[in-house]
Amino acid sequence: MPIQGRFLRSKVARQIFGLVIAATTVPSVLLFIYAITFVELHNEAQALRRMHDSTKLLGLQLLERLESQGRTLALTRGEIEHHAADAALSASPLDSGFEWIGIVGPEGRETVTLHGQPGPAGSSPVTPGNAGSLAIDRTGSEPAIVLSEPLPGAAGPARTLVGRVPGSALLAPLAAAMPEWASIAVLDESGRIVCSTRPDLPPALLQAAQDAATRRALFEWTGSEGERSVGYGWPLSLRGRFGNRAWTLILIEPRDRVLAPTARLWQVLPLVLALSIGMVCLVAAIQIRRRVEPVDSLITAARRVADGDLGARADLLPTDEFGVLAQSFNGMAAQLQHDFDALATRAEIDRAVLSSLDRHEIAIKLLQRLPGLVRCDGLALTLLDGSRGERFALVEGGSVKPHRDEIVFGSEESAFLGRLGDPGSARTLCAVPAAFRPPGARSADTWVFPVTVRGALGAVLAVSRRDEQVVAHQYAVVGQLAAQLGVGLTNARLLEEIDRANWEMVEALSRAIDAKSPWTAGHSTRVTMVGLAIGRHLGLDDKQLESIHRCGLLHDIGKLGVPVEILDKPGRLTPEEMEIMKQHPAIGARIVAPISAYSDVAAAVRHHHEHFDGNGYPDRLAGDEIPLIARIFAVADVFDALASPRPYREAWTSEQAIRHIAEGAGTQFDPRVVEAFLAEVHQFQPVRPSDHADEPELVGAPGGP
């Protein structure tokens, strides 16, 4: 796993990382110090023991060497006694390392050389007659060991057999067995060098060696050039054969050689310590990152949720406590998102229900949005109207299937509505008739919600759900929406009543217009039918067709302001009477204008006698300046007027009226409207009234919306 330092931006990660490093470094450093101290003490003890043993062994070997020299000299004396004094000596005794062997007379005045070269005069300070004596000769370039054996003589003066051994020769066998960096020295009782493999030993070192020898301890010494040495001294007792002499054997080695394990430890342990701390840091970083990254993921997801992104999730597997926490967080975020979506859906449903004033549209919008709040297999909303109903259903898959077929309630449905009880409470009943259930739903799987409209049962909302336990809080929300639906349906019903009252008022005005003159009875209704047919052929929408419907019934409302003598005059009108008649469009517009919802109707009423070429009245508008509805009623009004009898003429035939309309295309009439009229005229065949007693109607005229 790649290690990145960004996880240390977390305060918790920094604290944990610091504690891990401190908890690792401090014990490691203390252990390092303890190990170094212990190893140093142990190495020093080991060095002491080794140098003790080595020095002791060298001392014993030196004593053995001296003993061997003494025995060799004793053998030589025996050989001299057996042969004549001047006889030549055999080679074997002389091969034991003596530099010179000779016979010294009394007081050292007479000297006979038996082997080698004699030293300077007086260089053999030997007391004659002292058997096995040992002396040190310092007259030469290096100190030498002088051994002596007395030679017996019956009558003559005493003579002494003397053997001289150089110090270097004495130490050569010992030095050969030692490492090249080791130095060996022998000191006499006065601290002077008897023999040494290193001739430049300073006096201070020799003094330190003698002091250490008495204590049987290591000593350290630093030279003038900074070199450090470690030594050990061993006292040599020469009592017995060589007299009462107290020599000291010292072994000297460089300190870095003696304490090499400690030095190597000083080199290795810091690397080991650094490597250990580094490994701890690496493992700590990996583990902290593994622990911090889930926390960081949770923090990031929580911040996104706090910022409004309710779809944010922590992408963690439930392998540890952090994963379990992430699962809990994701579940909480999902529930929060669901609740938020539910609120949004509920608000949308409220807006849809309250903003629409059409019961059918309210039903469809509710069923389309309700699945966002409750999981279900089917939804059905039945709108009640006395002993009849109209059901809208939403089946599984989300398609809204409005059932516009009227449902006539039988005894089963009526009994069910009676058992339904108080509106506003959801319940399951033993038997829910199929008329109220979603298609294919079983009665046992259906919950019903009564909907109150104006204090009475006005609708039934049914929800079906199979093989799942009902979620109470979801259905409580549906119950609240059912209450809100009741408000929306109440508003819609109120609007329907207002709209019905409005149409009744318009129809009443239309009847009042037609009732003023028996010759115009039914004219408004027939003109409306023709206008609607033309409008549908032109592809106008429902709102425009509704305006055509109102305009058709009210287009001649201005005739209420025209005297009946002019309306029913059997002959032609005079120019003055014609001017009065031409005022009825403007009068009608003034009557309708105060009704703000009829602004388009007022414009059509005013301009339905305008000509397409601009020669009409009252404003002489032309072409597209004339409202489309007015252009439509210009055709419809003229057709019905020509095809109907008037007091001053007989009715034209349909063929004559149609031909007149066709010939006026482009001058009096809009050609596009004429084309639509000609396409639909086949369905308009007037039925003549008898004595004009009954209101005329058009055979086969399409019903208005």
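From a predicted model like this one, the values you see are computed outputs, not experimental measurements.
- Side-chain atoms of Thr197 come within 3.5 Å of backbone atoms of Ile184 as a donor-acceptor pair (strictly under, hydrogens ignored).
- Once rounded to the nearest 0.5 Å, the distance linking CG of Leu147 with CG of Leu161 reads 10.0 Å.
- By the side-chain hydrogen bond (donor to acceptor under 3.5 Å, both in side chains) test, Ser190 is found to be paired with Asp188, residues two or more places apart in sequence or in another chain being considered.
- Legend: residues meeting side chain to side chain contact (heavy atoms under 4.5 Å, CB included) with Ile193, ordered by chain and number and at least two apart, are Leu187, Ser196, Leu201, Leu206.
- Residues passing the side-chain hydrogen bond (donor to acceptor under 3.5 Å, both in side chains) test with Glu220, sequence neighbours excluded: Arg228, Arg255.
- Pro143 has its side chain out of reach of Val194: every pair of non-hydrogen atoms, C-beta onward, lies at least 4.5 Å apart.
- For the side chain to side chain contact (heavy atoms under 4.5 Å, CB included) test, residues two or more places apart in sequence or in another chain that qualify with Pro235 are Arg216.
- Shortest non-hydrogen contact noted between Glu149 and Gly70 is OE2-O, 4.2 Å.
- A side-chain donor-acceptor contact under 3.5 Å links Thr37 to the backbone of Ile33.
- To the nearest 0.5 angstrom, Leu134 atom CG is 5.5 Å from Ile145 atom CD1.
- Taken from CG in Leu171 to SG in Cys195, the straight-line distance is 3.5 Å, to the nearest 0.5 Å.
- In terms of the side chain to side chain contact (heavy atoms under 4.5 Å, CB included) criterion, residue partners of Ser54 (sequence neighbours excluded) are, by chain and number, Arg50, Leu251.
- Side-chain atoms of Glu67 and Arg71, non-hydrogen and from C-beta on, do get closer than 4.5 Å to each other.
- Atom OH in Tyr232 sits 11.0 Å away from atom CZ in Arg49 (nearest 0.5 Å).
- Qualifying side chain to side chain contact (heavy atoms under 4.5 Å, CB included) partners for Pro27, counting only residues two or more places apart in sequence or in other chains: none.
- The line from CD1 of Ile250 to CE of Met51 is 9.5 Å long, rounded to the nearest 0.5 Å.
- With hydrogens and angles ignored, the 3.5 Å screen pairs no side-chain donor or acceptor of Ser229 with any backbone N or O of Ile252.
- Taking the salt bridge (Lys or Arg N to Asp or Glu O under 4.0 Å) definition, one finds that Arg192 meets it with nothing, sequence neighbours left out.
- When each of Leu174, Val186, Leu236 is checked for a side-chain contact (heavy atoms from CB on, under 4.5 Å) with Leu58, only Leu174 meets the rule.
- For Ser168, the side-chain hydrogen bond (donor to acceptor under 3.5 Å, both in side chains) partners at least two apart in sequence or on another chain are Glu142.
- To the nearest 0.5 angstrom, Thr76 atom OG1 is 5.0 Å from Ile101 atom CD1.
- Annotation for Thr55 and Gly233: closest pair CG2-C, 4.1 Å, computed over non-hydrogen atoms.
- Contacts of Trp247 classified as ring pair (Phe, Tyr, Trp, His ring centres under 6.0 Å), with partners at least two apart in sequence or in another chain: none.
- Minimum heavy-atom separation, Glu253 to Ala182: CG-CB, 3.9 Å.
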Original post:
What's the verdict on side-chain contact (heavy atoms from CB on, under 4.5 Å) for Gln69 and Arg65, showing C-alpha distance, side-chain angles and the deciding distance?
Top reply: CA-CA 6 Å; Gln69 298 288 352; Arg65 180 71 173 166; 3.5 Å; yes
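- Applying the ring-ring contact (aromatic ring centres under 6.0 Å, His included) test to pairs two or more places apart or on separate chains, none has a residue in residues 178-220.
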